[in-house]
Amino acid sequence: MATYLVTGAAGCIGSWITQTLAERGGTVRALDNFSTGKRENLAGIRGEMTVIEADLRDAAALLHACEGVECIFHQGALPSVPLAIQDPRTRHTANIDGTFNLLEAARATGVRRVVYAASSSAYGNKNPLPQTETMLPGPLSPYAVQKYAGELYLRSYWEVYKLETVALRYFNIFGPRQAPDSPYSGVMAKFTRMMLNGEQPVIHGDGTQSRDFTYIENVVQANLLAASAPADKVAGRVFNIACGEPHTLNETYALLAEMLGYKNPPQYGPPRAGDIPHSYADIRAAREDLGYAPTVDFTEGLRRTVGWYRQQHAQRAAQPVGAKA
Ligand code: UD1
C-alpha cells in the first residue's frame with residue numbers, strides 16, 4: 001500500500017482523512033504543529049500511522065516528511081476570516097509560505113500528487129449563484145487571498161513541473177472534531193457548543209446570509225477520489241466540494257435550536273468585516289470528473305454533529321472537578 005502524508009492531520013478534516021487512509025491499509029504520516037490541531041483527534045486511530053510534529057514553515061522538516069510519499073493531502077492551514085484580518089502576516093506565512101514549502105518538498109522528493117484544501121472564500125461575493133470553477137475568483141479577505149494563492153501555486157507546479165495537483169474548494173465544512181471553543185470557531189461548532197451550555201449565540205448581520213454547509217464525510221470522499229482520479233482528468237484543476245444547497249444562518253440556527261431543545265430566539269449583532277453574503281456551489285465538475293456525490297446532506301450532517309457534541313458535553317460534565325480543560 002502507498003505511503004501518504006496528511007498535513008494538518010490533527011485538525012478536524014485532516015484527522016478524518018488520516019483515519020480513513022489508515023483504516024484502508026495505507027501508511028500515513030500525520031503532520032501537525034499542534035497549534036490548533038489536537039492530539040486527541042489522532043489518539044484513537046488504528047493502523048500504520050506515524051505522527052510528525054512539524055511546522056509548515058520548516059522547509060527542512062517537510063523535505064524529510066515527503067521522502068517516499070505517493071500522495072499528499074494538504075489540509076494544514078491557519079483558518080478563519082476574522083483572525084486573518086487581525087493578523088494577516090502570521091497567516092500569510094503559514095498559508096502561503098507553508099504551501100510553497102510543501103510543493104517544493106514534493107517536487108524535490110518525487111511525490112506523485114498533491115491534493116489541496118482550497119476555500120470557497122476564493123469566490124468572494126461573485127455572482128451569479130451557484131458559483132462555478134470557471135468564474136473569475138474575487139477573494140476579499142486576506143484568508144481568501146492566501147488560500148487562493150495556494151491554488152495558483154498548485155496549478156503552476158502542474159504546468160511547469162508536472163507535479164499532479166488537485167485543489168478542492170471546500171464550502172463551510174462541519175462535523176465531529178471541529179473545535180467549538182474559540183470566538184472564531186466555525187459557526188456550526190460554535191453555536192452548538194453555546195446552545196449546549198445554555199449561552200446565547202449572536203448572529204452577525206440579519207441572518208439572511210447563506211452558506212453551502214458541507215458535512216465532513218463528503219469531504220473525505222472527495223479527497224480520496226481526488227487522490228486516485230486519472231491525471232488527464234483532474235491534474236492542475238480546481239473542484240468545488242459542497243452539497244450544492246445553500247442554507248441561511250437563520251434557518252441553521254432554528255434547526256440547531258430544535259435539535260438541541262434550545263428555546264431562545266437568535267440575537268443579532270453588527271455584520272462581520274470581510275463576511276460575504278452568499279456562498280453556494282455548483283458541484284457538477286466534481287460529480288462528472290471526480291465521481292463525487294455527497295452522501296450526507298445538511299440535516300443528517302447536523303444531526304450527527306449535534307449527537308457528537310452532545311456526547312462530548314456529557315463526558316465533560318461527568319469528569320471530576322479540576323479535570324476539565
Ligand atoms: C470562511 C470560508 C470557508 C472557510 C472558513 C475558514 C466563505 C464563504 N467561507 O467561512 O470556506 O473554510 O472561512 O474559517 O468565505 N457567524 C455568526 N456568528 C458567529 C460566528 C459566525 O453569525 O458567532 C456567521 C458569520 O458572520 C458568517 C457565517 O456565520 O456569515 C459563517 O461563518 P464561519 O463559520 O466563520 O465561516 P465563513 O467565514 O463563512
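Each ligand, and each atom within it, is numbered from 1 in the order the structure gives. As a basis for the values below, the full set of heavy atoms in this structure was taken, side chains included, without hydrogen atoms, waters or symmetry mates.
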Asp275: numbered ligand 1 atoms lying under 4.0 Å from its heavy atoms | 25 (C), 26 (O), 27 (C), 30 (O)
Honestly, is Arg211 close enough over Phe171, meaning NZ or CZ under 6.0 Å from the six-membered ring centre and within 45° of the axis?
-> no
Any idea how Tyr4 and Phe73 line up, ring-wise: parallel (<30°), tilted (30 to 60°), or perpendicular (>60°)?
-> tilted
Test of proximity, Leu249 against ligand 1: N or O pairs below 3.5 Å = no
Checking His313, Gln312, Glu199 against Arg193 for side chain to side chain contact (heavy atoms under 4.5 Å, CB included), the one that qualifies is Glu199
Which class fits the ring pair Phe213 and Phe174: parallel under 30°, tilted 30 to 60°, perpendicular over 60°?
-> perpendicular
How far is atom 23 (O) of ligand 1 from its nearest protein heavy atom, and which residue and atom is that?
-> Lys190 NZ, 2.6 Å
Please determine if Arg107 forms a cation-pi arrangement with Tyr161, meaning its NZ or CZ atom is less than 6.0 Å from the six-membered ring centre and no more than 45° off the ring axis.
-> yes
For Thr248, does its backbone N or O pair with a side-chain atom of Glu251 as donor and acceptor, under 3.5 Å?
-> yes
The protein heavy atom nearest to atom 32 (O) of ligand 1 is Arg272 NH2, 3.6 Å
N/O to N/O below 3.5 Å, does that happen between Ser185 and ligand 1?
-> no
Can you find a non-hydrogen atom of Pro201 under 4.0 Å from ligand 1?
-> no
Ligand 1 atoms in contact with Ser80 (distance to a heavy atom under 4.0 Å) = 6 (C), 14 (O)
Measuring from the heavy atoms of Tyr143, does anything fall under 4.0 Å of ligand 1?
-> yes
Under 4.0 Å to a heavy atom of Val81 - the qualifying atoms of ligand 1, by number = 1 (C), 13 (O), 38 (O)
shortest atom 15 (O) of ligand 1-to-protein heavy-atom contact is with Ser121 CB, 3.3 Å
So, Arg284 and Glu133, do they make that salt bridge, N to O below 4.0 Å?
-> no
Does Thr132 offer a backbone N or O that forms a donor-acceptor pair with the side chain of Lys126 under 3.5 Å?
-> no
Should you measure from each heavy atom of Ile203, which atoms of ligand 1 turn up under 4.0 Å away?
-> 22 (O)
Which bit of Tyr123 is near ligand 1, meaning a heavy atom under 4.0 Å away: side chain, backbone, both or neither?
-> neither
Would you say ligand 1 has an N or O under 3.5 Å from any N or O of Val202?
-> yes
For atom 9 (N) of ligand 1, which of Asn172, Asp206, Thr252 has the closest heavy atom?
-> Asn172
Under 4.0 Å to a heavy atom of Tyr170 - the qualifying atoms of ligand 1, by number | 11 (O)
Between CD of Glu53 and CG of Asp32, what distance do you get to the nearest 0.5 Å?
-> 8.5 Å
Within 45° cone and under 6.0 Å: Arg177 NZ/CZ vs Trp16 ring = yes
Proximal ligand 1 atoms for Gly186, defined as those under 4.0 Å from one of its heavy atoms | 34 (O)
To the nearest 0.1 Å, how far is atom 31 (C) of ligand 1 from its closest protein heavy atom, and which atom is that?
-> Val187 CG1, 3.8 Å
Tell me: protein heavy atom nearest atom 3 (C) of ligand 1, and distance?
-> Ser119 OG, 3.8 Å
At a 4.0 Å threshold, what atoms of ligand 1 neighbour a non-hydrogen atom of Ile276?
-> 8 (C)
Salt bridge between Asp289 and Arg237, side-chain N to carboxylate O under 4.0 Å?
-> yes
Answer with side chain, backbone, both or neither: which part of Ile173 has a heavy atom less than 4.0 angstrom from an atom of ligand 1?
-> neither
With Arg169, the side chain to side chain contact (heavy atoms under 4.5 Å, CB included) member among Phe239, Tyr116, Tyr148 = Tyr148
Examine distances only and state if a side-chain atom of Ser120 and a backbone atom of Tyr170 form a donor-acceptor pair shorter than 3.5 Å.
-> yes
Those atoms of ligand 1 less than 4.0 Å from some heavy atom in Ser279 | 8 (C)
Evaluating non-hydrogen atoms only, which member of His204, Arg211, Gln209 is closest to atom 16 (N) of ligand 1?
-> His204
